[in-house]
A.B. asks: 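Before I ask anything, let me first share the structure, which is written out below as structure tokens.
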Amino acid sequence: MTVGRERRVTVCADVDDLNHVAARAVVDSARESITARGRFVLLLTGGETPRGMYQLLASRYVAQIAWDKVKVFFSDERCVPPDDERNNYRMVRETLLSRVPTRPEDVFAIPTEGATPPELASRYEATLRAQLGSAASAPTFDFALLGMGGDGHTASLFPGDPAVRESAQWAVAVQAPAGIAVRDRITLTLPVLNQARRVVFLVAGEGKRDAVARVLGPEADQGEEPLPPALVHGLNGAEWLLDAAAAGVSSRRS
Ligand code: 6PG
């Protein structure tokens, strides 16, 4: 287990192996959290990478989690309707939530309609406060699953965006850089992500190799502005689960 701001890296031979390692991490944390606190507060992310792992949780590992004790939140959302195929909640619903007995009242999608993105972000922050937080402290997720884009963004915290420096609000609206699918987005911020008990990055594919090297490689922390994922450490450090292609190696190490 990681401590403080340490990073622990696991490289899996392939994506199938990676998905099993990640799913087992969720199962283990769910068991520990439910035993310790009676519930499991799970933060999920969008993108393509976690699809296979979500499908595994909903199939092979489904009986290993007490789904009626799981509360689900989201790291970020694209401002498109919930039935749009680019909507992160839609992807998580299709791959996982519609297939497991989570209670609907325990699933907290980021709203995308009926108000401006900053208002929608404030609403989600109010939801987090009501469900998990208090006026004084940020909510504590038991497990925060995150990904990383090839450009080095995580959640919808893009390199150089002022949202990366947000220190007060828990959720903010951002404009993704040109070329990113859906530019209007809502994202959780570092003060919240860094309250997670366990942070796990799930990263696969050759297109992530350069960004991985910039966060985890020998050249990391050398002068350059750190990429947003390098600033996410939760309460106990961050775990990085990579496939060999993202890591630029050909076998597992730990
Ligand atoms: C999003 C995600 C985002 C994602 C990375 C990686 O809405 O885009 O939440 O942060 O995790 O972009 O995405 P891929 O897994 O598709 O590479």
Side-chain angles (χ1 to χ4, degrees), residues 12 14-16 18-19 21-23 26 42-57 72-97 108-112 117 120-121 124 141 143-161 163-164 166 171-190 192-193 196 199-212 214-216 227-232 234 238-243 245-247:
C12 300
D14 55 33
V15 169
D16 192 44
L18 180 73
N19 288 338
V21 169
V26 175
L42 176 60
L43 182 79
L44 296 177
T45 200
E48 289 301 308
T49 310
R51 277 176 180 272
M53 192 273 266
Y54 293 158
Q55 284 162 345
L56 271 184
L57 283 176
V72 180
F73 297 85
F74 292 82
S75 66
D76 65 314
E77 189 53 275
R78 296 113 181 247
C79 292
V80 291
D83 59 350
D84 187 295
E85 62 183 18
R86 298 164 299 175
N87 183 276
N88 284 337
Y89 166 69
R90 172 179 164 163
M91 183 279 282
V92 179
R93 177 167 44 86
E94 286 180 352
T95 53
L96 174 65
L97 298 173
F108 300 92
I110 299 177
T112 57
L120 293 165
Y124 201 59
F141 300 108
F143 190 108
L145 180 76
L146 294 169
M148 180 170 71
D151 62 351
H153 77 269
T154 189
S156 285
L157 295 169
F158 291 88
D161 192 281
V164 179
E166 176 61 44
V172 296
V174 301
Q175 271 273 306
I180 295 279
V182 188
R183 296 190 65 190
D184 275 326
R185 288 163 175 244
I186 292 162
T187 187
L188 298 199
T189 57
L190 292 177
V192 173
L193 296 175
V199 170
V200 174
F201 284 93
L202 186 65
V203 181
E206 209 177 321
K208 308 290 172 70
R209 192 176 292 181
D210 288 350
V212 165
R214 285 183 63 197
V215 176
L216 300 174
L227 290 177
L231 302 171
V232 184
E239 296 164 60
W240 284 76
L241 306 183
L242 311 174
D243 74 341

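Keep in mind that this is a model prediction, so the values were computed, not measured. Just so you know, residue 1 is the first one in the sequence shown, and it goes up from there. Note that ligands are numbered from 1 as they come in the structure, with each ligand's atoms numbered from 1 the same way.
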A.B. asks: Considering only the protein, which heavy-atom contact is closest to atom 5 (C) of ligand 1, and what is its distance?
C.D. replies: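 Ranked first by proximity to atom 5 (C) of ligand 1 is H153 NE2, 3.5 Å.
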A.B. asks: Within ligand 1, which atoms have a heavy atom of G46 less than 4.0 Å away?
C.D. replies: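 It comes down to these atoms of ligand 1: 2 (C), 9 (O), 11 (O).
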A.B. asks: What part of T49, side chain, backbone, both or neither, has a heavy atom within less than 4.0 angstrom of ligand 1?
C.D. replies: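 Both the backbone and the side chain of T49 come within reach of ligand 1.
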A.B. asks: How long is the gap from OG1 on T154 to CG on L227, to the nearest 0.5 Å?
C.D. replies: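 It is 10.5 Å, given to the nearest 0.5 Å.
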A.B. asks: Quick one: does R185 get within less than 4.0 Å of ligand 1, heavy atoms only?
C.D. replies: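 Yes.
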A.B. asks: Could you find the nearest protein heavy atom to atom 13 (O) of ligand 1 and give me its residue, atom name and distance?
C.D. replies: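 Of the protein heavy atoms, G47 CA, 3.7 Å lies nearest.
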A.B. asks: M148 heavy atoms, cut-off 4.0 Å: which ligand 1 atoms fall inside?
C.D. replies: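 Counting from 1, the qualifying ligand atoms are 5 (C), 6 (C).
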A.B. asks: Distance to 0.1 Å, residue and atom name: give those for the protein heavy atom nearest to atom 16 (O) of ligand 1.
C.D. replies: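 Closest protein heavy atom to atom 16 (O) of ligand 1: E48 N, 2.7 Å.
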A.B. asks: Report yes if the side chains of L193 and V199 come closer than 4.5 Å at any heavy-atom pair, otherwise no.
C.D. replies: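 Counting from C-beta outward, L193 and V199 never come under 4.5 Å.
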A.B. asks: Could you tell me the residue and atom name of the protein heavy atom closest to atom 17 (O) of ligand 1, and the distance to it rounded to 0.1 Å?
C.D. replies: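 Answer for atom 17 (O) of ligand 1: K208 NZ, 2.6 Å.
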A.B. asks: Quick one: does ligand 1 sit under 4.0 Å from the side chain of S156, the backbone, both or neither, non-hydrogen atoms only?
C.D. replies: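 Near ligand 1, S156 shows nothing, with every heavy atom at 4.0 Å or more.
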A.B. asks: Can you sort out which atoms of ligand 1 are near T45, meaning under 4.0 Å from one of its heavy atoms?
C.D. replies: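 So the answer, numbered in order with elements, is 9 (O), 11 (O).
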A.B. asks: Quick one about S75 and T45 (side-chain donor to acceptor, distance below 3.5 Å, no hydrogens or angles considered), yes or no?
C.D. replies: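 The answer is yes; a qualifying pair exists.
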A.B. asks: As an exercise, identify every atom of ligand 1 less than 4.0 angstrom from a heavy atom of N88.
C.D. replies: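 Checking each atom against N88, I get 1 (C), 7 (O), 9 (O).
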A.B. asks: Less than 4.5 Å apart, any side-chain heavy atom of L145 and any of Y54?
C.D. replies: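 L145 reaches Y54 side chain to side chain.
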A.B. asks: For ligand 1, is there an N or O atom under 3.5 Å from any N or O atom of D76?
C.D. replies: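 Yes.
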A.B. asks: Are any of the N/O atoms in A155 less than 3.5 Å from those in ligand 1?
C.D. replies: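 Yes, since at least one N or O of A155 sits under 3.5 Å from an N or O of ligand 1.
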A.B. asks: With backbone taken as N, CA, C and O and side chain as the heavy atoms from C-beta onward, which portion of R78 lies under 4.0 Å from ligand 1: side chain, backbone, both, or neither?
C.D. replies: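 Side chain only; the backbone of R78 stays clear of ligand 1.
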A.B. asks: G147 heavy atoms, cut-off 4.0 Å: which ligand 1 atoms fall inside?
C.D. replies: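 Here the atoms of ligand 1 in question are 11 (O).
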A.B. asks: So which atom in P228 and which in G152 form the shortest heavy-atom distance, rounded to 0.1 Å?
C.D. replies: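 Nearest pair, atom of P228 first, then G152: CD-O, 3.3 Å.
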A.B. asks: Under the salt bridge (charged side-chain N to carboxylate O under 4.0 Å, His left out) definition, can you give me all pairs with a residue in residues 78-88, not counting sequence neighbours?
C.D. replies: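 As it turns out, the salt bridge (charged side-chain N to carboxylate O under 4.0 Å, His left out) pairs with a partner in residues 78-88, which skip direct neighbours, are D84-R86.
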A.B. asks: Report the residues that fulfil ring-ring contact (aromatic ring centres under 6.0 Å, His included) with F73, sequence neighbours left out, ordered by chain and then residue number.
C.D. replies: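 Only F108, F141 meet the ring-ring contact (aromatic ring centres under 6.0 Å, His included) criterion with F73.
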A.B. asks: With side chains defined as the heavy atoms from C-beta onward, is the minimum distance between L241 and C12 less than 4.5 Å?
C.D. replies: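 No, side chains not in contact.
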A.B. asks: Does any non-hydrogen side-chain atom of L190 lie less than 4.5 Å from one of E166?
C.D. replies: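 A side-chain contact is absent here, since even the closest heavy-atom pair is not under 4.5 Å.
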A.B. asks: Would you indicate whether the side-chain heavy atoms of V26 and M53 approach each other to under 4.5 Å?
C.D. replies: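 Yes, side chains in contact.
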